[in-house]
Amino acid sequence: MPGSTRGWRINRGRFRPWLRFLRRYPLGAGGAAVVVVMVLAGLAAEWVAPGDPVAANFGAMFNAPNRAHWFGTDAFGRDVLSRIIFGARTALVIGFGSSLLGATIGGAIGVASAYFGGITDLLVQRLVDIVISFPIIVVAMAIVAIIGVGTDKLVVAIALSFLPRAERVVRSSALSVREMAYVEAARALGCSHGRIIRRHMAPNVLAPYLVMLTSFLGQAILLEASLSFLGLGISEPTPAWGLMLRGAAVDFVQRAPWMAIFPGLAISIAVLAFNVFGDALRDAFDPRLRT
Amino acid sequence: MTRYIITRFLLMVPTLLAVGVLIFVLVRVVPGDIVALRLVLGGSFVTPQVIEAERARLGLNKSMWAQFSEWMTGMLRLDLGRSMWSGEPVASEIGLRLQLSLELAVIATAIATAIAIPMGTLAAVYRGRWVDQVIQVISVAGLSVPSFWLGILMILFLLSVFNYLPPLVFTPLWQDPKANLAQLIWPALAVGYRYSAVATRMTRSALLEVLREDYVRTASAKGLATGIILRKHALPNALMPVVTVIGLEFAFLIGGLVVTEQVFNLNGIGKLIVDAIAQRDYTLIQGLMLLVAVGYILVNFLVDLLYAWIDPRVAYQ
Amino acid sequence: MSTFRPSHAPRKWMRAGAILLLVGLLVVGTLVVPGAAQQQPRRGGTLNYVVTAEPPSFDGHRETTFALLHPIKPHYNLLVKFDTRNFPKVVPDLAESWTVSRDGMTWTFKIRQGVKFHDGSTLTSRDIKATFDRITFPPEGVVSVRQAVYQGVKAIDAPDPQTVVFRLKWAVPSFLEKLASPFNWVYKAEILARDQRWYERNVMGTGPFRFVEYTRGARWVGRRFDDYFERGKPYLDGYNALFIRTRSAMMAALRSGQALIEFRGVSPEERDELTRALGDRIQVQEAPWSCNLIISFNTKKKPFDDVRVRRALTLALDRWGGSRALSQIAFVGPVGGIMRPGSEFAISDADLVKLAGYGRDIQQARTQARGLLREAGVPEGFRFVLHNRDVSMPYEHVGIFALDQWRQIGLNVAHVQAETAKYLADLRAGTYDAAVDFACDYVDDPDIQLAKFVSSDVSPVNYGGYIDRQLDLMYFQQSRTADKAARLRVVRQFEKRLLNDQAYAIYVLWWQRIIPHWRKLQGYKTTTNHYVEPDLAEYWLTED
C-alpha cells in the first residue's frame, strides 16, 4: 500500500486525504482549528489564563475591559477572560463526556435493536418514541431533578437526554446495513451475533456516528449553557459559560454588557466550530454530495 | 388508506398511555416535597401535624396505586385534576399559558418560513457559489448561537440604542394587538433565527436532492426556465421534508422555550414547566408532560397523513 | 351723547393697585397653595407595583409568603396591626381599644362599630372569634400554619357584638405583637360556617380595597371600597399588582414607570442603576431588614459533630469585612447575632464582638480557627459541600463569600446550588454537610426567632439534628417571662450558647432593605420587613 508509516519518515501519502479535506472544506478545517485551540486552552488553562477565575475581588467589581482585565470583571470582581478560559475546560469536559457517553450507549442500543429486530426492536422503538416526544431541555431538567446538580451528574443527565436521538440515527443507518449481502453471508457461515455486530455492522455505522457525535458536542454545550442559566447546571463558583450568563449578567446588562457578551460569544464560537466541522465531515462522508 | 389512518391513530393510544405511566412514576421518584416547599420555607412554626394535614388534603398520603387510578380515571373523563400548588384545574392553568405559547410559536414559524424557503432555495440553486456559502454560514451560526443569549443582546440593544422596553405583561391579541405584538415580536425573532436556520438547511438539502432527479434535469435540458422548474416541480416535491421539520420545530416551541421565556419574562408553557417542576406539583407536571407529548405525537401523526396523501405508496407499505 | 368718565387719578391708581394686589395674590396663591396641597394627601390615581412571585392560594392563615400579602392584603383588616410609620408599635385596626387583666391571662378587645364587609354586611365580634378560632384551633381539613404561635390561647369568647375576649393558659409575652401578624386576616363568620376552605380561592374582607380581578401570570387588581371604616381613606382609586418574576424585567418596569415601587427590596447595584437613570424622580428609602442568612451544620455527620470544627468555621468568617464588601453588591449588611441588630432584644456591639466569629481581629480569629482544626484532626485541604439555594440574591453571594473565607483557613469547600425543592429535601433529610439557611419574620420577637434552634425533636425546622436540653430550657424560660429585663438575660444566654459555645448554627449577616420608589408615591415609609407592607390605605399619588 502506498504511504506506509514504517519508520519515522513523514510520508506525504498518509497526509494526502487530510490535505484534500483542508482544501475542499476550508470552513470545516477552520472549525477543527478552533476546536483544537479550545482543547489546548482548556488543557493548559492554568498557564494561559491571566488571573484567578474563582477568587473574589470586591474592590474591582464590574470593571470595564481594560489592560489588567481584557474582558472586564464580573459582579464579584473576577476576571472574565480567565473564567472564559477555564470555562472552556468545563465545556469540553461536559461536551465530550456527555456526547461520547450518550452517542456510544445510544448507538450501541440502536445497532443491537436494528440487528435483532422483532419484538425487541418494536419495544425499544416505542420507548424511544416516548422519550423523543419531549424537548431535550425538558428531559434534561427532569433528569437533573432526579439525580441532582454537579459536573459529573450533569454529564450523565445530558448523555441520557441524547441517548434516544443517538439510538434513532444509528438504528436507521444500521437497518440499511443489515440487509447487505455480506451480513447474510456471515450469518450463513455461523458467525456469532456479537462478532457480526462488531465486525460488520459497527464499522459501517461509524460515519453517521461520527457526524452525530460532532453535532452532539455542539448541542451539549448549548444544553449545559441553558441548564446552568436556569440554575440546574454547574454551581458557582466553577467557571462555566452558561453560568456566567446567569443572574448579574442579565440584571446589569446595560451597566456591564461585557459580562453577557463574552461568554455568549464563547459559546457561539465553540458550537459553531463543532457544527461547521461536523457539516464538513458529513459532506466528506456522503458520496452523493460529492460533485 | 383509511386503514392506514386508523392504524396510525390507534398506535397513538398505547404510546400516550405509556407516556402517562412513565411520567407518573418519574415525577414521584424526584426528591422534594411540595408541602415542605409551601409551608416550611422561611416559616419557623410549622409542626409535623400541619404538614401531615396538608399532605392528606392533596391526597399525597394515599398509596401510589390509589393516586394513579385516581388520575387515570380522571383522564378518561378528560379531567386532568387540580394543580397541587394553586388548587386551580390543571386544564385552566395550562390553557392560560397556551395562548401565549401558541401565538409565539405561530409568529416564529411565520418568520422562519418566510426567511427559510427563499434562502434555502437560493442556496440550493446557486450551490457552491458565494451566495450559498454565505447562507450556509448564516444558517450554521443560527444553530450555534444560544437563542436566550440572542434575547439578552436584543434587550440590551433596544435599551441602549432606542431606550425602548417591550411591554412586560401579556395582553391578548384581540384586546390590544399593538401591545401584544410589541411584546411577542422580540422573542419570536430571537427564536425565529434558530428556527429559520434549521428550516433553511433542510430546504437546501431537500431541494438539492430533488434538483438532481432525472425529470428536473430533463426539464432543464428542454429549456424550461429555472423559475418555472422550481415552482412547478422542485419546490412542491422538496416541501415534504421541510414541512416535517417545520412541524417538529413548531411542536418543540410549545414547551421547549424554557430559557427564552425566562429572559423575556413571558408567561408561557415553558415557564409553567419550570415552575411546576420546581414546585414538585405532580398533577400539573403530569398534565404538562402529557400536553407536550400529545402535541408532538399529534404533529407526527399529521405529518404522516400528509406524507400518505402526497405519496400514496407510503400507505401500502 | 358722549359718555363722560370723570378722570380721577387717585381712583385709577387705586384700581391698578387693587388689580396688582389681586394678581400678586393669585400668583403667590398658585405657587403656595399647590405646595401646601402637596403635603395633603390627594385623592385619586391607581398605584402600579411589582410583586415578584404569585400567591399559591388566597388564604392568609395558610401561607407564609410575601407573594400572598403584597397583592391581597389590601382587601383585609386585622384585629390589631403594626403602625408602619412607627414600627413596631401596635395600633388599633378592627379593635379600637383593649385591656389586659392584671395576671396577663385575659385580653379584652372592643371592636369598632359600623365596619362593613365588601358585600355590605356588618362586622361583629362573631367574625373575629370565627377567624381566630380558625387560626388557633383549625378544624379538620384546614391548615393554619402559625397555629403553634398561639398555643398559649385557651379559648376565645365573643360575649357581645362589640367585644372579643382571649383567655390564655399562661401570660404570653408579646401577645399583642403575635396577634398583629400581618397574616391574621379577619374573615366573615357566616362564610366560614358554610365552607371553611372558601377563602383559599375567594376574597371577602373589610379592607380598604375590594377585589376586582386576578389574571394569573399578569396582575391582581383592586378598587377603592367606598364604605371603608376609615373616613377619607383610602386615597387611591385602586391598584394593580403586576406579577413580574425576573429581576431584569422588574428593573425595567420600575425604570420605565410601568410600576412605581416593589415592596420587597433591591440590591445596591439595582438602586444605583435606578438613581442613575431616573435621578430626581426617584426616592430611595433604606432600613434594616428582619431577615438573615444562617449557616447550619449537620451535627450528625463527621467532622461537624466536633464543636471545635464548628467553632473554627464560624471564627474564619470575617463578618465585618464581608459586610462592607457584600453590602455593595447584595442586600445584606448589618452584622448581628440572633436578634436583629437595632431591635429591642438585640445584643450590644460591645458584647457582640466577644462572640466567636464577631471579633474585629480576623487574623487572630483565623489563626485560632486553624489551631482548632488541627486539634480536631481535620487535614489541610479537607473537602466538604456547602448546600445552598439556587437563588442569586443574596444566597449565592453569601455562599461564595463563605467559600472564599474558608479557603483562607485551608479548607476546600464545594458549592452546590440546588433548586429549592431539592435543597429543602436535603435539608430536611439531613443529607448535607453545611447548608445556607435563612429566616424572615414580621416582628423581632425571641419567641419566633429562637424557636428554630431548640432541639431537633422539638423544633420541626431544626436541620442541624442536635439535641440540647439547655437551649430548650432557656427557650421555655424566656417564653414564659413577662419581665423584659429577665427575658433579655435569658435570650443573651441562649445566644451565647448557640453561636459561641456550641456553634450548631451560625449567623452570617442580616439583610438590608433598599426600596427605591418614584416620588409620585407619597405616604410610604419603609419598615424593617416586607410582610407588614404594603399599607395601601396610607399611600397617595401626587399630580402628574
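Any value given below was found using the heavy atoms of this structure, including those in side chains, with hydrogens, waters and symmetry copies removed. Protein chains get the first letters and strands the later ones, always in sequence-line order, with residue 1 at the start of each.
There is no contact between Leu227(A) and chain B, counting heavy-atom distances below 4.5 Å. Both the backbone and the side chain of Ile132(A) come within less than 4.5 Å of a heavy atom in chain B. Residue contact with chain B, scored on non-hydrogen atoms closer than 4.5 Å, involves the side chain of Ile137(A) exclusively. Contacts between Val274(B) and chain A at a heavy-atom distance below 4.5 Å involve backbone atoms as well as side-chain atoms. Proximity to chain A is limited to the side chain of Leu22(B), based on heavy atoms less than 4.5 angstrom apart. Interface remark: Phe148(B) contributes side-chain atoms only to the contact with chain A (heavy atom separation under 4.5 Å). Looking at Leu265(A), the atoms closer than 4.5 Å to chain B (heavy atoms on both sides) sit in the backbone and in the side chain alike. Within the 4.5 angstrom heavy-atom criterion, no atom of Leu291(B) approaches chain A.
Atom CG of residue Leu156(B) and atom CD1 of residue Ile261(A) lie 6.0 Å apart, to the nearest 0.5 angstrom. If you take CD on Gln136(B) and CG on Asp279(A), they are separated by 7.0 Å, rounding to the nearest 0.5 Å.
What you find for Leu222(A) and Ser144(B) is that their closest heavy atoms are CD2-O, 3.7 Å. Residues Ile146(A) and Pro31(B) approach most closely at O-CD, 3.7 Å, considering heavy atoms.
A distance of 6.0 Å or more separates the ring centres of Tyr296(B) and Phe134(A).
Side-chain contact between Val292(B) and Pro135(A) is present, with at least one heavy-atom pair separated by less than 4.5 Å. Within the 4.5 Å cutoff, the side chain of Ser268(A) has heavy atoms near those of the Pro146(B) side chain. Using a 4.5 Å heavy-atom cutoff, the side chains of Val138(A) and Met289(B) are in contact. Two residues are said to be in side-chain contact when any heavy atoms from C-beta on lie closer than 4.5 Å; Phe229(A) and Val263(B) meet this criterion. Between Leu143(B) and Gln219(A), every side-chain heavy-atom pair lies at or beyond the 4.5 Å cut-off.
No more than 12 heavy-atom neighbours from other residues, nucleotides or ligands sit within 6.0 angstrom of CD1 on Ile119(A). Counting non-hydrogen atoms of neighbouring residues, nucleotides and ligands closer than 6.0 angstrom, the CZ atom of Arg126(A) exceeds 12 such neighbours. Around atom OH of Tyr126(B), no more than 12 heavy atoms belonging to other residues, nucleotides or ligands sit under 6.0 Å away.
No donor-acceptor pair under 3.5 Å is formed between the side chain of Trp149(B) and the backbone N or O of Pro263(A).
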